[in-house]
Amino acid sequence: MSFVFEPTSTVALPVVGQPERFPIHRVYCVGRNYEEHAKEMGFTGREPPFFFLKPTDSLVVVDAGQIGSMPYPSLTQNLHHEIELVVAIGVGGKNIQAADAEKHIYGYAVGLDMTRRDLQNDMKKQGRPWCIGKAFDQSGPIGPITPKDKAGDVINAEISLQVNGADRQRSSIDKLIWNIAETIEHLSAAWELQPGDLIFTGTPEGVAAVVQGDRLVGQVTGLGSLTVDIQK
């Protein structure tokens with residue numbers, strides 16, 4: 001097969017303990033999936049889950065033990081951090097029941113859903129899609145995937161983010177409004193999941209702005225840490 005130009009290379013994540021990498025198909029994100037974060041964004045309660053997507057090539061892949069970097073993006077004066085547990089799908093499917101969801105999970109990673117909050121808020125006010133606030137270039141730093149049999153008790157793990165050594169976000173995965181299995185059930189009713197799909201499961205309270213020169217260190221117990229510098 002020939003092409004009119006050379007296709008871009010496949011985005012793939014390192015896998016803990018394995019030489020092979022995990023090729024990415026799609027990147028789904030769950031909005032407002034921790035109650036306290038929903039409240040700080042002006043919402044309450046267990047609303048039905050909703051989803052948005054990031055381009056696959058918006059991921060900033062950070063290998064284990066490395067320090068990643070992302071540029072401060074254009075058009076914004078209010079770049080926010082959102083630390084998240086990321087679920088990696090290994091077996092695809094449609095209309096997956098929550099009771100069967102674990103069979104479709106390959107592993108887990110630590111990710112950041114970086115957000116141009118001012119642009120997102122402007123789009124919300126106008127009733128327009130807010131891709132410009134969420135799906136910009138290099139908006140998704142992410143660390144290695146830990147296979148699920150090596151990840152420990154993920155559903156009860158602590159999740160946290162520090163900026164320049166100070167706590168910004170700290171919660172636990174069991175505080176998700178829609179847990180991992182329920183999220184997969186809802187998501188797979190809307191899209192047929194494929195091997196290589198990632199699901200950013202939502203962020204806890206404490207989202208706030210970062211500036212050039214800041215260092216972000218995110219952690220989920222059992223998955224190691226993700227360190228990212230905002231370029232000067």
Side-chain angles (χ1 to χ4, degrees), residues 10-34 37 46 48-56 58-64 82-113 140-161 171-204 218-226:
T10 299
V11 178
L13 300 183
V15 178
V16 173
Q18 296 182 199
E20 298 86 4
R21 295 176 80 89
F22 184 91
I24 306 306
H25 178 246
R26 289 180 181 166
V27 181
Y28 298 98
C29 303
V30 188
R32 296 196 295 265
N33 203 22
Y34 284 82
H37 173 58
R46 186 178 161 96
F50 68 95
F51 307 96
F52 58 93
L53 287 85
K54 286 183 180 284
T56 300
S58 72
L59 298 177
V60 178
V61 179
V62 183
D63 284 7
E82 296 190 9
I83 186 66
E84 308 206 8
L85 170 71
V86 182
V87 176
I89 298 296
V91 177
K94 189 170 178 61
N95 296 318
I96 299 166
Q97 297 301 300
D100 298 323
E102 195 274 337
K103 302 173 186 176
H104 296 261
I105 297 172
Y106 176 84
Y108 305 93
V110 182
L112 283 163
D113 170 22
I142 186 170
I145 293 175
T146 299
K148 64 183 178 183
D149 61 350
K150 299 179 180 178
D153 185 15
V154 170
I155 61 174
N156 293 302
E158 184 177 69
I159 182 171
S160 64
L161 180 77
S171 188
S172 57
I173 302 302
D174 64 356
K175 292 184 179 179
L176 284 167
I177 295 173
W178 297 93
N179 65 33
I180 296 167
E182 292 170 329
T183 295
I184 290 173
E185 179 175 293
H186 281 279
L187 186 60
S188 68
W191 291 275
E192 182 172 358
L193 296 181
Q194 301 291 334
D197 284 344
L198 299 179
I199 306 169
F200 281 65
T201 57
T203 196
Q219 293 181 310
V220 175
T221 305
L223 304 183
S225 62
L226 169 66

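Just so it is clear, the model here is predicted, and its values are computed rather than measured. One is the number of the first residue; the rest follow in order along the sequence.
Side-chain contact between Tyr108 and Val86 is absent, with no heavy atoms from C-beta onward closer than 4.5 Å. Considering only heavy atoms from C-beta on, Val60 stays 4.5 Å or farther from Leu112 through its side chain. Side chains of Phe51 and Ile199 form no contact here, defined as non-hydrogen atoms less than 4.5 Å apart. Taking 4.5 Å as the limit, some side-chain heavy atom of Val61 sits within range of a side-chain heavy atom of Pro14. Put simply, the side chain of Val154 reaches to within 4.5 Å of the side chain of Ile180, judged on heavy atoms. The shortest distance between side-chain heavy atoms of Tyr106 and Ile145 falls below 4.5 Å. The side-chain heavy atoms of Leu198 and Leu13, taken from C-beta on, include a pair separated by under 4.5 Å. The closest side-chain heavy-atom distance from Glu182 to Pro49 is not below 4.5 Å.
The side-chain hydrogen bond (donor to acceptor under 3.5 Å, both in side chains) contacts involving residues 85-97 comprise nothing, where partners must be two or more places apart or lie in separate chains.
Among all heavy-atom pairs drawn from Tyr34 and Pro204, the shortest one is CD1-N, 3.4 Å. Considering every non-hydrogen atom in both Ala98 and Ala181, the closest pair reads O-CB, 3.4 Å. Nearest heavy-atom pair across Gly90 and Pro195 is O-CB, 3.5 Å. In this structure, Ala109 and Pro144 approach most closely via the heavy-atom pair CB-O, 3.4 Å. Contact between Leu223 and Ala151 at its shortest, heavy atoms only, is CD2-CB, 3.8 Å. For the residue pair Thr221 and Ala157, the shortest heavy atom distance occurs at O-CB, 3.7 Å.
For the pair Glu84 (side chain) and Gly202 (backbone), a donor-acceptor distance under 3.5 Å is present. Checking side-chain atoms of Ser58 against main-chain N and O of Gly140 turns up no donor-acceptor pair under 3.5 Å. In terms of modelled atom types and a separation under 3.5 Å, the side chain of Asn33 and the main chain of Leu176 share no donor-acceptor contact. At least one donor-acceptor pair under 3.5 Å links the side chain of Asp197 to the backbone N or O of Arg26. For Ser225 (side chain) and Gln219 (main-chain N/O), no donor-acceptor pair under 3.5 Å exists by modelled atom type. Proximity of a side-chain donor or acceptor of Ser172 to a complementary backbone N or O of Asn156 within less than 3.5 Å is not detected.
Atom NZ of Lys175 has 12 or fewer heavy atoms from other residues, nucleotides or ligands within 6.0 Å.
Asn179 contributes atom CG, which lies 10.5 Å from atom OG1 of Thr201 (distance to the nearest 0.5 angstrom). Interatomic distance, Ile142 CD1 to Leu59 CG, rounded to the nearest 0.5 Å: 6.0 Å. Within the model, atoms CG of Asp153 and CD1 of Ile155 stand 5.5 Å from one another, a figure rounded to the nearest 0.5 Å. The NE2 atom of His104 sits 9.0 Å away from atom NZ of Lys148, with the distance rounded to the nearest 0.5 Å. The distance from the CD1 atom of Ile184 to the CG atom of Asp100 is 10.5 Å, given to the nearest 0.5 Å. Separating the CG atom in Leu85 from the OG atom in Ser171 is a distance of 12.0 Å, to the nearest 0.5 Å.
In this pair, Tyr28 and Trp191 present their aromatic rings tilted. The plane angle is within the 30 to 60° band.
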